[in-house]
Amino acid sequence: MAEYTDISFPPGFLWGCATSSHQVEGNCTNNDWWAWEREGGHIREGGVSGLACDHYNRFDEDFALSQELGHNAHRISIEWSRIEPQEGRWDMAEVDHYRRVLESMHRHGLTPFVTLHHFTNPLWFRDRGGWLNPQAPDLIARYAGFMARELGDAVPFWLTINEPMVTVTAGYLLGMFPPCVRDMAQALLVGKHLLLAHGRMYQAIKEATSHRPLVGPVLNMSDIQPQDPDSEGDRQAAQTVDTLLNEYFLVGLSLGVIPPPAGGGEEVAGLKGAWDFIGLNYYSRELISQQMLELISDGTLAPAGFVRHTPPGAELSLMGWEVYPVGFYKLIKRLSAYRVPIYVTENGTSVVDDRQRISYILRHLRQVHRAIGEGVDVRAYLHWSLTDNFEWAEGWQQWFGLVALEPGTLNRKPRPAAYVFRDIARANAITAEQFRAYLG
Ligand code: GAL
């Protein structure tokens, strides 16, 4: 039986949940996802985001609940398509809405983390070629600067683009997210524009506000390993995927270049060191085979043909993702080489049995703490997510929430994990007793 000890987190550690506009607000009618959902055939069980969690109207209630649940931080995203419904036209009523959202967060003792782009694009941006348009970085930087000018006094942490490499892979390589492309050349061009966009957004925010916010990217990382460690082909494939998915932004931002394969290592003014912190999203390990990489690279993978490899007997979430806590530790340690503070901006699991969620949280926090104990500067843990929500192509068939939504009324019903997390957040610590009670 494992030996557990009490562990505590550094003073001032931030605890809370992460969300995104399209997944929780409801009625984000003016973006590419909304349009895509309505085409039909893309979302599991024909789901649509619709009213989502009605967070647009219930934000105050949600933040009161977060406070009751012991949180002292919270991550939202601003819906670009609300703020700039047509190119160059700002909707000041929506700016006021987000000001009220931020005021409510502050009133409830929640330090705001604000993402500017979380997967969804305004329709006009899509119609101008979306992320393939060479002007995309400037278009989004203009919006970032505008937001920082309008709301800069209320936002200590700006997050530029959520999981850029998911936009690259799911949107342009695997055809799972709009615009549903499967083309390596386009994917790499999008990767280049996203890195440039981050750099320009960083500069635009810094120039627009005197409130000295911290600005960083949100990087999704998985522990990428060869499916068959004895196969040279799989080992090389895993290396290739790791370079593209895990290394690309890190190299780009630490050296100020567009690294291969999206670029040729050319320097970009203002890109080097354009991060005050790293936002890390971690969920799982990824096993890569040479065969899968070949199918993806030449665009012959059938739509929805992407199959995640998992070891036989592995513990899986409803998403089919392997529960692999030690990968979290490994990636945090790897990030520590860049000498910028790390904020966990997402980590969580979709399960039916809440005991599994509690166990997931405890095991992952243990790995965060292990890295902190070895001197890594980790400053926050934001759980994905507060409530169940619209899980992209999975629609309403996933359960990531610490809090359930009552069907019909959308009333918030905290799950047992919400209370375990509350006790941890309030104590800024986990006791050996808690570990024993839930991990056995
Ligand atoms: C992340 C994403 C979130 C959420 C989560 C769970 O990749 O940023 O929006 O969907 O995964 O799948």
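Along the sequence shown, residues carry numbers from 1. Every number for a ligand or one of its atoms is a count from 1 in the order of the listing.
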Report summary line: Within 4.0 Å of some non-hydrogen atom of F400, the atoms of ligand 1 are 6 (C), 12 (O)
Report summary line: One finds that the ligand 1 atoms under 4.0 Å from a non-hydrogen atom of H118 are 2 (C), 3 (C), 8 (O), 9 (O)
Report task. Pick one of side chain, backbone, both or neither for how N162 approaches ligand 1, counting any non-hydrogen atom pair under 4.0 Å. Result -> side chain
Query - Within reach of ligand 1, part of Q23 (heavy-atom separation under 4.0 Å) - result: side chain
I need the nearest protein heavy-atom contact for [atom]: residue, atom name and distance, please.
{"atom": "atom 10 (O) of ligand 1", "result": "E391 OE1, 2.7 Å"}
{"atom": "atom 1 (C) of ligand 1", "result": "E346 OE1, 3.0 Å"}
{"atom": "atom 7 (O) of ligand 1", "result": "E163 OE1, 2.5 Å"}

**Report entry** W33 ring center within less than 6.0 Å of F177 ring center
**Finding:** yes
Report task. Compute the centroid of each ring, for W80 and then for F125, and state whether the two points are separated by less than 6.0 Å. Result -> yes
Query - Counterpart residues, side chain to side chain contact (heavy atoms under 4.5 Å, CB included), relative to L132 (two or more places apart) - result: Y172, Q186, L189, V190
Requested in this report: May I ask you to check whether S20 has an N/O atom sitting below 3.5 Å from an N/O atom of ligand 1?
Outcome: no
Report task. Check whether any N or O atom of W321, backbone or side chain, sits under 3.5 Å from an N or O atom of ligand 1, and answer yes or no. Result -> no
**Report entry** All ring-ring contact (aromatic ring centres under 6.0 Å, His included) counterparts of F13, not counting sequence neighbours
**Finding:** F9, W15
Report task. Considering only NZ, NE, NH1 and NH2 on the basic side and carboxylate oxygens on the acidic side, decide whether R379 and D377 come within less than 4.0 Å. Result -> yes
Query raised in the report: Thinking salt bridges, do R357 and D354 make one under a 4.0 Å N-O criterion?
Result: yes
Query raised in the report: Do Q291 and S289 get their side chains close enough for a donor-acceptor pair, meaning under 3.5 Å?
Result: no
Query raised in the report: Is atom NZ of K333 surrounded by more than 12 heavy atoms (other residues, nucleotides or ligands) closer than 6.0 Å?
Result: yes
Query raised in the report: Out of Y282, F390, Y283, F119, who gets a non-hydrogen atom closest to atom 5 (C) of ligand 1?
Result: Y283
**Report entry** ligand 1 contacted by E394 (non-hydrogen, < 4.0 Å)
**Finding:** no
